Amino acid sequence: MAKNNIPKDFKFDDLQDYQSVIKKLNQRPYPKHLIMGNGFSMAYDHKIFSYNALYDFIEKLEHPTLSKLFEVINTKNFELVMRQLDNFIELAKEFDDTGAMVKALQDANKRLQESLIEAVSSLHPEHVFAVPDNESESCYNFLQEYLSNGGKVFSTNYDLLLYWILMGNNPHSSIDGFGKEHLNPVETRRGEDAEFGDLLWGKYKKEQTVYYLHGTLPIFDTGTEIEKEVYKNTKYLLDNIKERMDNKEYPIFVTAGNGDEKLNHIYHNRYLTFCYESLSKITGSLVSFGFNFGEYDEHIIDAVNKAALRGAQSGEKLFSIYIGVYSEADLEHIKNIQDKFACKVNVYNVQTANIWR
């Protein structure tokens with residue numbers, strides 16, 4: 001790995017601001033890309049998108065096994081609970097002769113994953129118009145710094161915020177790989193109204209610039225196609241998503257525990273695989289916002305390292321990463337893991353980005 005050198009005595013007050021990072025990267029002859037985590041949504045409204053809010057929602061479900069698990073493990077961290085659940089299931093398979101405990105834990109695991117999706121959906125702002133215009137425009141300008149300059153945007157968030165911001169301002173500035181097939185081109189040329197099929201992924205994947213690494217609420221795997229839910233029948237997008245969920249159709253969500261389990265989930269879905277491998281091929285520099293490379297994000301570090309090493313001979317590779325940190329504790333965490341990266345690691349004060357205002 002690269003020998004990174006954020007000094008041990010480097011303090012939070014010494015951090016460069018976001019604007020300085022962008023100015024520096026814009027002077028370089030290669031692209032810059034963005035990866036965002038839950039901090040992006042938390043910066044919009046922490047009451048909606050925090051783990052505490054999700055936990056409180058699930059606690060109200062009063063599922064006896066889930067309640068007991070959260071109590072025993074004593075955490076509100078979903079990733080940790082899911083990881084421990086997997087461990088409990090493997091143990092139960094060895095020691096539970098009746099199979100009753102295995103089934104109870106497997107049912108709880110499935111319910112927890114479904115509950116997480118339901119929580120994100122239920123706590124969400126009702127529709128795009130709930131985001132004030134000035135905040136939407138500010139966030140859009142933040143994203144355009146990458147999308148308008150040859151860069152790509154990667155998100156690990158499940159919610160609709162990124163989708164709404166891009167669609168609500170200028171949808172043509174970003175490409176998520178989805179498109180509709182023109183069903184009656186001959187008839188259209190004869191003067192009939194054009195008819196289009198469902199919004200399916202793949203038509204524009206070669207031009208794709210926006211990637212949902214862990215899935216997101218509007219994207220569903222039908223078994224044969226990757227389909228994106230849209231506004232239709234005069235209903236808001238979230239209404240249509242909830243209607244599908246009521247019918248036991250669930251969006252693509254990577255809800256596994258540790259990095260290996262997440263990667264296994266990713267490689268079992270062609271959309272997620274494509275997004276992950278696209279991250280593994282970026283060149284230039286990567287900026288993180290609200291994503292701190294925690295202990296369950298090893299698969300993301302692996303993708304970054306693939307990008308840093310794949311073009312070592314040609315020079316077409318990822319040279320550096322700029323990780324946004326919120327606090328002294330965040331900074332210490334990055335110092336401790338910096339040697340895991342195969343590219344140069346830099347840090348900046350993420351509080352100076354002000355993307356929503």
Side-chain angles (χ1 to χ4, degrees), residues 22 25-26 28-36 40 128 136 139-183 185 188 194-222 224-231 237 251-252 254 266-267 269-289 300 303-304 306-308 310-311 314-319:
I22 295 302
L25 293 180
N26 284 344
R28 296 176 180 173
Y30 44 74
K32 61 183 183 299
H33 313 279
L34 175 68
I35 183 168
M36 303 188 301
F40 170 77
V128 62
S136 177
C139 184
Y140 176 74
N141 291 335
F142 168 77
L143 296 169
Q144 283 304 107
E145 181 62 52
Y146 302 89
L147 295 173
S148 293
N149 294 294
K152 298 176 178 180
V153 171
F154 299 89
S155 173
T156 61
N157 297 334
Y158 306 130
D159 61 66
L160 289 166
L161 284 180
L162 173 60
Y163 175 73
W164 275 351
I165 296 307
L166 294 172
M167 293 301 104
N169 289 275
N170 179 10
H172 301 296
S173 68
S174 59
I175 301 171
D176 60 10
F178 287 82
K180 293 183 177 183
E181 290 294 336
H182 191 174
L183 300 179
T188 301
E195 296 179 10
F196 294 92
D198 293 325
L199 195 55
L200 305 178
W201 178 75
K203 185 176 177 66
Y204 298 108
K205 70 177 184 179
K206 290 183 180 178
E207 297 87 12
Q208 193 165 336
T209 57
V210 176
Y211 305 81
Y212 298 95
L213 294 168
H214 290 165
T216 182
L217 278 173
I219 300 180
F220 292 77
D221 188 342
T222 68
T224 56
E225 299 285 356
I226 306 298
E227 182 178 334
K228 186 167 73 172
E229 187 55 73
V230 295
Y231 292 89
L237 178 61
I252 297 174
V254 177
I266 287 168
Y267 277 133
N269 181 278
R270 60 194 176 95
Y271 169 80
L272 296 175
T273 298
F274 180 82
C275 293
Y276 182 78
E277 291 182 347
S278 297
L279 176 61
S280 303
K281 296 174 183 176
I282 58 172
T283 62
S285 292
L286 179 66
V287 178
S288 83
F289 183 96
I300 301 295
V304 169
K306 287 178 183 177
R310 65 184 292 275
S314 66
E316 290 289 315
K317 66 174 186 175
L318 182 70
F319 292 99

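All values reported here derive from a predicted model rather than from experimental measurement. Quick note: residue numbers are just sequence positions, from 1.
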Are any of the side-chain heavy atoms of [X] and [Y] separated by less than 4.5 Å?
X	Y	answer
Leu162	Leu143	yes
Phe289	Leu34	yes
Pro251	Tyr158	no
Thr209	Val153	no
Ile252	Ile226	yes
Thr216	Asp159	no
Leu160	Pro218	yes
Leu217	Leu237	no

Backbone N/O of Met36 and side chain of Thr156: donor-acceptor pair under 3.5 Å: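 Side chain of Thr156 to backbone of Met36, a donor-acceptor pair under 3.5 Å: yes, one is there.
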
Residue pairs, two or more places apart or on separate chains, that pass salt bridge (Lys or Arg N to Asp or Glu O under 4.0 Å) and touch residues 206-222: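 Sorted result for residues 206-222: empty, none.
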
With sequence neighbours excluded, give me every salt bridge (Lys or Arg N to Asp or Glu O under 4.0 Å) pair touching residues 140-150. Lys32-Glu145

Once you round to the nearest 0.5 Å, how far does [atom1] of [X] lie from [atom2] of [Y]?
X	Y	atom1	atom2	value
Ile175	Tyr211	CD1	OH	9.0 Å
His33	Leu286	NE2	CG	7.5 Å
Tyr212	Ile219	OH	CD1	6.5 Å
Cys275	Lys205	SG	NZ	10.5 Å
Leu279	Phe154	CG	CZ	5.0 Å
Thr283	Leu318	OG1	CG	8.0 Å

Of all heavy-atom pairs between [X] and [Y], which one has the smallest distance, and what is that distance?
X	Y	result
Leu161	Phe40	CB-CE2, 4.0 Å
Pro31	Gly150	CB-O, 3.7 Å
Phe274	Gln208	CE2-OE1, 3.4 Å
Ser280	Arg310	O-CD, 3.2 Å
Leu213	Leu272	O-CD2, 3.5 Å

ring-ring contact (aromatic ring centres under 6.0 Å, His included) involving [X] - partner list, sequence neighbours excluded:
X	value
Tyr163	none
Tyr271	Trp201
Phe220	none

Results of side-chain contact (heavy atoms from CB on, under 4.5 Å) for Ser285 - residues two or more places apart only: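 With neighbours one apart ignored, the set is Leu25, Arg28, Tyr30, Ser320, Tyr322.
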
Of all residues at least two apart in sequence or in a different chain, which pass the side-chain contact (heavy atoms from CB on, under 4.5 Å) check with Tyr267? Leu263, Thr273, Tyr276, Glu277, Lys306

Intermediate values then yes/no, side-chain contact (heavy atoms from CB on, under 4.5 Å), Val287 and Ile35: CA-CA 6 Å; Val287 178; Ile35 183 168; over 6 Å; no

Set of residues satisfying salt bridge (charged side-chain N to carboxylate O under 4.0 Å, His left out) with respect to Lys228, sequence neighbours excluded: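 Asp176.
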
Counterpart residues, salt bridge (charged side-chain N to carboxylate O under 4.0 Å, His left out), relative to Arg270 (two or more places apart): Glu225

Tell me, please, which residues at least two apart from Ser136 pass side-chain hydrogen bond (donor to acceptor under 3.5 Å, both in side chains). Asn169

One pair to check against side-chain contact (heavy atoms from CB on, under 4.5 Å): Val304 and Ile282. What are the steps and the verdict? CA-CA 8 Å; Val304 169; Ile282 58 172; over 6 Å; no

